[in-house]
Amino acid sequence: REFTVVLRTFGHDLATVADAISAFATGCHPDYPEYRNDGLVLTADRLYRGRYGTNDDDTVTYKLYGWNNHDGSNADVAEGETVLADTDEEVLSIIECPQTAIYGIQDDYNHWYKHE
């Protein structure tokens, strides 16, 4: 069966969860030392920061930013950071890629907190 796992969190724990899943996928779990699945290794290029942003026409959209050089905090995106996906279609094209089995997204806690 083919599937894609998308881990989403509002917290600071995405890198820790990614490390734990990657350890399991590389045989580092004490109960499953023979298990190996390279497709479940969560590298930084499969981790994203999801943030809501206002466009030039004042509409608000969900955008994905890269994880590299990120400290894991829920800080807002820095000025000039590259948006990797800024429409629903672009976000879906990333997480529905058939060659990748797992992704991690740190969602926008600050946005949700302000809009609960």
key: Side chains of Y109 and D107, donor plus acceptor under 3.5 Å   = no
message = For Y35 together with F24, are the ring centres under 6.0 Å from each other?
response = yes
ask   = Would you say the side chain of Y52 lies within less than 4.5 Å of the side chain of N110, judging by non-hydrogen atoms?
value = no
inquiry  = Membership question, hydrophobic clusters at under 4.5 Å side-chain separation (ILVMFWY): are I105 and W112 in the same one?
reply    = yes
request  = Measure from the side-chain N and O atoms of D13 to the backbone N and O of T16, and report whether any donor-acceptor pair falls under 3.5 Å.
outcome  = no
Backbone of A23 reached by a side-chain donor or acceptor of T26 within 3.5 Å = yes
query = When rounded to the nearest 0.5 angstrom, what distance separates OG in S93 from CG in D88?
reply = 11.0 Å
ask   = Given Y48 and I94, is the side-chain contact (heavy atoms from CB on, under 4.5 Å) satisfied, shown in steps?
value = CA-CA 10 Å; Y48 298 92; I94 289 173; 3.5 Å; yes
message = Whether E90 and K63 form a salt bridge (side-chain N of Lys/Arg under 4.0 Å from carboxylate O of Asp/Glu) is what I want to check.
response = no
ask   = V5, L47: one ILVMFWY side-chain cluster at the under-4.5 Å cut-off?
value = yes
query = Do L64 and F10 sit in the same hydrophobic cluster, where Ile, Leu, Val, Met, Phe, Trp and Tyr count as joined when their side-chain heavy atoms come under 4.5 Å apart?
reply = yes
query = When rounded to the nearest 0.5 angstrom, what is the spacing between CG in L84 and CZ in R49?
reply = 9.0 Å
message = Are the side chains of Q106 and W67 in contact, using a 4.5 Å heavy-atom criterion?
response = yes
message = Using a 6.0 Å cut-off, check whether atom CG of D57 has over 12 heavy atoms from anything other than its own residue.
response = yes
query = Can you tell if the side chain of T4 reaches within under 4.5 Å of the side chain of Y103, non-hydrogen atoms only?
reply = yes
key: Worked verdict on T61 versus N55 for side-chain contact (heavy atoms from CB on, under 4.5 Å)   = CA-CA 7 Å; T61 58; N55 300 316; 3.3 Å; yes
request  = Would you check, one step at a time, whether the test side-chain contact (heavy atoms from CB on, under 4.5 Å) holds for L7 with V17?
outcome  = CA-CA 9 Å; L7 304 168; V17 172; 3.9 Å; yes
request  = Using the side-chain contact (heavy atoms from CB on, under 4.5 Å) rule, pick out the option among L42, I102, L40 that qualifies with S22.
outcome  = L42
ask   = Which atoms form the tightest heavy-atom contact between Y65 and E81, and what is the distance?
value = CE2-O, 3.9 Å
query = So which heavy atom on G11 is nearest to which on T9, and how close?
reply = N-OG1, 2.9 Å
key: Between CG on residue D19 and SG on residue C28, distance to nearest 0.5 Å   = 11.0 Å
query = Of the non-hydrogen atoms in A101 and G39, which two are nearest, and what is the gap between them?
reply = CB-O, 3.7 Å
